[in-house]
Amino acid sequence: MAKGTVVQKIIDKHFISGSKITGEPLAVRIDQTLTQDATGTMAYLELEAMKIPQVKTELSISYVDHNMMQNGPENRNDHLYLRSVAAAKGVKFSRPGNGICHQVHLERFGEPGKTLLGSDSHTPTGGGIGMMAIGAGGLDVAMAMAGKPFRMASPKVIGVKLTGELRPWCTAKDIILKLLSIMTTKGNVGCMVEYCGPGIETLSVPQRATITNMGAELGVTTSLFPSDQRTKAFLEAQERGDKWVELIADADVEYDRIIEIDLAEVEPMAACPSSPDNIKTVSELAGGKVEQVLIGSCTNSSLRDLMLVAAMLKGKTVHEEVTLSIAPGSRQVLEMLARNGALADMIAAGARILESGCGPCIGQGQSPANGTISLRTFNRNFAGRTGTKGDQAYLVSPEVATAAALTGKFIDPRTLEMAYPQIAEADKFLINDDMIIEPPCCGKDIEIIRKPTIGNPPGNEALAMDIAGQVAIKVGDKITTDHIMPAGVHLKLRSNIPAYSQVVFECFTEDGKPSFAERAAAIRDAGTPGVIIGRDSYGQGSSREHAAICPMFLGIKVVVAFTIERIHAANLINFGILPLTFADQADYDKIEENDVLQLNGIREQLAVGATIKATIIKTSGDKYDIILNHNMSEEDIEIILSGGRLNMV
Ligand code: MIC
Ligand code: SF4
């Protein structure tokens, strides 16, 4: 592993077992965990299944921020379960209304040098404060709460060297969009990004957190900044100065790869539909009509960001053909805006103020009209995530978003007739942790509230000796977990696997044809295992383990693709689905839906090596022998052979 890096220093302090040679399996101790409600119910049900009386971490916290619409009883049932199970297991509980997990965690709980595992892919937001903060599936987080180490590949460390200083109207969001244009969303599995160079001193913690947050879109394990004087100032302003430790790279540090970005050359950018790496400059898009602007999410809803928005809106009115909605990232931010008058400036300008939570970022309301352009300060614009089929969502900075809200079009904010508002970082935040419920010292007598919409995680049987699986679906490149397991209006089904499974791959259902769920269930009910065929970067995006649990429930036993993204591959293994890759990508063209993929003696084959012999049996009867690969560790193989991790524990 690259020497003298902040990454190495944190790993050294948390090393449990394995190897520090890049790419080899490594296990680290986890200090803190976080969950959010949409992944949290499963995580705590899994923790309960492990029969662990109290969590063993330094700090574990359960946030409620995703499922807040409460259309029907499901969401509130989840909240009640989460609150009671948190009390029983020694977990802090952040009540709905307190804010988005990553924003609140950064403000109130994150600590430089510590490890954080979160059941949400944007957990690396904590890297803004010098933490090693990693996103994972709920079961991995449950294991960490049970005191088990977290396993990952020993990372390749990419140094992103920042020089110079941002010019007015150019922002932290533009830095990460620029980096996405260089690194793209694929091919970065097993890497960590570490920011370095003189430019980092010019960036505050909230700016750094915007950058590490969207590092999730690079597909890296995490991103982080050193912990320096800017980190100290932020922690002191949060009255947590005692948590600061200095953590900087050695002078003779060597990174595995260096990418240089001159901040003075960064300009306003946008990620165009429908991928966070489809980058253009805003000046290229200038003039395009915009119908909706949404400001918020864990990427861009800090106090500084929203003060900037308020300053731009002050004394003006949102363009008559645009709707502008704003969701502050935390109650701290919202309360400070309310007390200092900035909220009144937003309201006076016609902004629609949403509650402090994920809201439209996860398709909870505010779907755009058909055929219209939506500008968002969020981090993901995967097709359909807004809740509108054929949506055109662009990801931009708060500066660009507000400029569009005022003018009704894409406009490079540098061309506005407006001085760039100078917003100083707060030197004192308003501290009020009353919405965090502390668990009682021993949760023995706590009754766990389990309403009828909370089901148990489904079981799986041990891996068979021979698999003759039928291809239930064949998909293309960059299939995200939003394609596999849509959120939006279905999000409330997260605690009910049989119901949620009905919408797996819903976006591929053609009118009048059976859905994927119907086809997969028919294959399963005929006693045949199901197979999914994909291409590059299968399982990008969210950490939702439902993208493994629900296919498992529908009888899927094998996924074969060109590459499978880290968190999703781990989730597949955790739930007993074999993640395999094509040795020869040309074989993808040989296999079609309904063909059979035969894996004879699979248990022995896995024991012997990383190569699997397989045969494609076409519906015509023709046969092709092919080679598949896997890169599972010995422990992964043990899990797969048992039919998933829950069977093992
Ligand atoms: C997301 O941004 O896609 C989510 C919703 O926060 C997910 C978690 C989930 O699906 O519950 C994530 O990023 O992991
Ligand atoms: Fe919530 Fe959106 Fe952040 Fe996911 S990306 S945690 S849905 S705000």
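Fair warning: this is a prediction, and the values are worked out from it, not measured in the lab. The residues of the chain are indexed from 1 along the displayed sequence. When a ligand or atom number is given, it counts from 1 through the structure's own listing order.
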The single option from Asn300, Val293, Thr299 passing side chain to side chain contact (heavy atoms under 4.5 Å, CB included) against Pro398 = Asn300
Starting from atom 4 (Fe) of ligand 2, which protein heavy atom do you reach first, and at what distance in Å?
-> His66 NE2, 3.8 Å
Numbered in order shown, the ligand 2 atoms found under 4.0 Å of a heavy atom of Cys361 are 2 (Fe), 5 (S), 7 (S), 8 (S)
Under 4.0 Å from ligand 2, counting heavy atoms only, is it the side chain of Asn379, its backbone, both or neither?
-> side chain
Is a salt bridge present between Asp433 and Arg108, judged by a nitrogen-to-oxygen distance below 4.0 Å?
-> yes
Provide the closest heavy-atom pair for Tyr538 versus His568 in the form atom of the first, atom of the second, distance.
-> CE2-NE2, 3.5 Å
A student comparing Arg494, His102, His66 should find that the heavy atom closest to atom 11 (O) of ligand 1 comes from Arg494
Check ion pair Lys89-Glu46 (N to O, under 4.0 angstrom) | no
Backbone, side chain, both or neither: what part of His102 comes under 4.0 angstrom of ligand 2, heavy atoms only?
-> side chain
Kindly confirm whether atom 3 (Fe) of ligand 2 is within less than 2.8 Å of some N/O/S atom in Cys298?
-> yes
Okay, side chain of Asp391, backbone of Gly387: is any donor-acceptor separation there less than 3.5 Å?
-> no
Side chain, backbone, both or neither: the part of Asp120 lying under 4.0 Å from ligand 2 by heavy atom | side chain
Main-chain N/O of Ile100 paired with Asp65 side-chain donor or acceptor, under 3.5 Å | no
Does Gln36 approach ligand 2 within less than 4.0 angstrom via side chain, backbone, both or neither, non-hydrogen atoms only?
-> neither
Please write down residue, atom name and distance for the protein heavy atom closest to atom 8 (C) of ligand 1.
-> Gln36 NE2, 3.2 Å
